[in-house]
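Down below is the structure, laid out as structure tokens.
All values reported here derive from a predicted model rather than from experimental measurement. This chain uses plain numbering: 1 for the first residue, then up along the sequence.
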Amino acid sequence: MALTDELWAAIEPVYDEILAHPFLAGLTDGTLPRQAFRHFVVQDSHYLRDYARALAVCAAKAPHEADVRAFADDAVGALAAEQGMHAEFLTAFGESAEQAAAEPVLPTTLAYTSYLLATVHGGSFAEAVAAVLPCYWIYARVGEELLAKSSPEPLYAKWIATYGDEAFQSVVRRVLDLTDRLGEEISPAERRRMVQHFTTTSRYEWMFWDAAWRGETWPV
């Protein structure tokens, strides 16, 4: 079995719950409260700064030059997304990126990025790839799923179009091809660790949308 097939089979129930989540339903029918979307954008800005760091570690650990360049480019792209698209969304709320950056990193965001950074720093290159992969792959699948529906709300339609776009899909295909190459090289034990990390960060993806939907704050 190709490694990507094994990874996806491990998270199919998680992905089904992601597609069924009211946050995504509200994106497509335009009923998502703007405050929930704002929560998502602010926390995603915090998340992407650490995700870029995780991708930079992947670049540093990559054994082949092409993969070094690719992950380094993706790290720059993650920061560009944070500075570009998110700034545009915040402007629509009458706020600045500086105001958003001053807001606290909330529990789910901190838990997700802490796990991500611990894994990419402490694990092998293959484990690092598994940990960062859900943010590529799940967003690509969600973007594909929602693109046909889009949204009557322009802000939400723009978000959907970004991840359904062919340019993003081609980046994800490149990472999936790398993942399958790694699957042919690694030991059974390392493969099991990849499945574990991939499943964990996929669960964090569901939790991230759920936190925005709930308006998560620090409880004390």
Could you tell me which non-hydrogen atom of Val42 sits nearest to which non-hydrogen atom of Ala100, and how far apart they are?
-> CG1-O, 3.8 Å
Leu147 CG to Gln169 CD distance, which is reported to the nearest 0.5 Å | 8.5 Å
Tyr136/Leu55 under side chain to side chain contact (heavy atoms under 4.5 Å, CB included): CA gap, chis, key distance, verdict = CA-CA 11 Å; Tyr136 286 99; Leu55 295 176; 3.4 Å; yes
CD1/Ile11 to CD/Glu205 distance, rounded to the nearest 0.5 angstrom?
-> 9.5 Å
Do Leu182 and Val171 share a hydrophobic cluster, counting only Ile, Leu, Val, Met, Phe, Trp and Tyr and linking them when any side-chain heavy atoms are less than 4.5 Å apart?
-> yes
For the atom pair CZ (Phe23) and CD1 (Ile18), what is the distance rounded to the nearest 0.5 Å?
-> 12.0 Å
Distance-minimising heavy-atom pair for Ala128 and Cys58 | CB-SG, 3.7 Å
Min side-chain heavy-atom separation Arg38-Glu95 under 4.5 Å = yes
For the atom pair CG (Leu7) and CE (Met1), what is the distance rounded to the nearest 0.5 Å?
-> 10.0 Å
Does a sphere of radius 6.0 Å around CZ in Arg191 hold more than 12 heavy atoms from other residues, nucleotides or ligands, not counting ones at 6.0 Å or beyond?
-> yes
Cluster overlap Val68 with Val120, hydrophobic side-chain contacts below 4.5 Å | no
Pair Phe37-Phe89, ring-ring contact (aromatic ring centres under 6.0 Å, His included): steps then yes or no = CA-CA 9 Å; Phe37 188 68; Phe89 289 149; 5.2 Å; yes
Trp213 and Leu32, any side-chain heavy atoms less than 4.5 Å apart = yes
Going by heavy atoms in the side chains, are Arg181 and Asp67 under 4.5 Å from each other?
-> yes
Do the side chain of Gln99 and the main chain of Ser96 share a donor and acceptor less than 3.5 angstrom apart?
-> yes
Under 3.5 Å, side chain of Ser170 to main-chain N/O of Ala167, donor-acceptor pair present?
-> yes
Would Asp50 and Tyr112 satisfy side chain to side chain donor-acceptor pair (under 3.5 Å), going step by step from the backbone distance to the final call?
-> CA-CA 10 Å; Asp50 278 338; Tyr112 189 175; over 6 Å; no
Specify the closest pair of heavy atoms between Lys149 and Glu145, including all atoms of both residues, with the distance to one decimal.
-> CE-O, 4.3 Å
Does some side-chain heavy atom of Val57 sit less than 4.5 Å from a side-chain heavy atom of Arg53?
-> no
In terms of heavy-atom contacts, Ala72 and Ala59 come closest through N-CB, 3.7 Å
Angle class for the Tyr115/Tyr204 ring planes (parallel below 30°, perpendicular above 60°, tilted otherwise)?
-> tilted
Value rounded to 0.5 Å, distance of OG in Ser151 from NZ in Lys158 = 13.5 Å
Among Thr201, Val175, Leu178, find the residue that satisfies the side chain to side chain contact (heavy atoms under 4.5 Å, CB included) test when tested with Leu133.
-> Val175
Please tell me if the side chains of Leu116 and Tyr51 come closer than 4.5 Å, counting only heavy atoms from C-beta onward.
-> yes
Nearest atoms (heavy-atom pairs only) where Asp180 meets Ala2 = OD1-CB, 3.6 Å
Taking everything shown except Glu166 itself, do over 12 heavy atoms lie less than 6.0 Å from its CD?
-> yes
In terms of heavy-atom contacts, Ala130 and Met194 come closest through CB-O, 3.4 Å
Take Asp44 and Phe208, measure what side chain to side chain contact (heavy atoms under 4.5 Å, CB included) needs, and give me the verdict at the end.
-> CA-CA 9 Å; Asp44 201 37; Phe208 200 88; 4.1 Å; yes
Sequence neighbours left out, what passes ring-ring contact (aromatic ring centres under 6.0 Å, His included) with Phe198? Give chain and number order.
-> Trp137
Applying side chain to side chain contact (heavy atoms under 4.5 Å, CB included), run through Tyr156 and Arg34 and close with a yes or a no.
-> CA-CA 10 Å; Tyr156 305 164; Arg34 287 172 70 88; 3.8 Å; yes
Pairwise side-chain contact, Thr108 with Asp210, heavy-atom cut-off 4.5 Å (strictly under) = no
Salt bridge (Lys or Arg N to Asp or Glu O under 4.0 Å) between Glu127 and Lys61, worked out | CA-CA 11 Å; Glu127 290 176 76; Lys61 290 191 170 188; over 6 Å; no
Step by step, work out the salt bridge (Lys or Arg N to Asp or Glu O under 4.0 Å) result for Arg174 and Asp73.
-> CA-CA 13 Å; Arg174 183 252 299 160; Asp73 287 344; over 6 Å; no
Decide yes or no for Arg214 and His39: does some side-chain heavy atom of the first lie under 4.5 Å from some side-chain heavy atom of the second?
-> no
Interatomic distance, Leu48 atom CG to Thr113 atom OG1 [nearest 0.5 angstrom] | 11.0 Å
What about Leu27 and Leu19, same hydrophobic cluster or not, with Ile/Leu/Val/Met/Phe/Trp/Tyr joined at side-chain heavy-atom distances under 4.5 Å?
-> yes
In the hydrophobic clustering that connects Ile, Leu, Val, Met, Phe, Trp and Tyr at side-chain heavy-atom distances below 4.5 Å, which members other than Val105 occupy its cluster, ordered by chain and number?
-> Leu106, Leu110, Trp218
Is there a side-chain contact between Thr28 and Ser150 (heavy atoms, below 4.5 Å)?
-> no
ring-ring contact (aromatic ring centres under 6.0 Å, His included) against Tyr139, all qualifying residues, sequence neighbours excluded | Trp159, Tyr163, Trp209
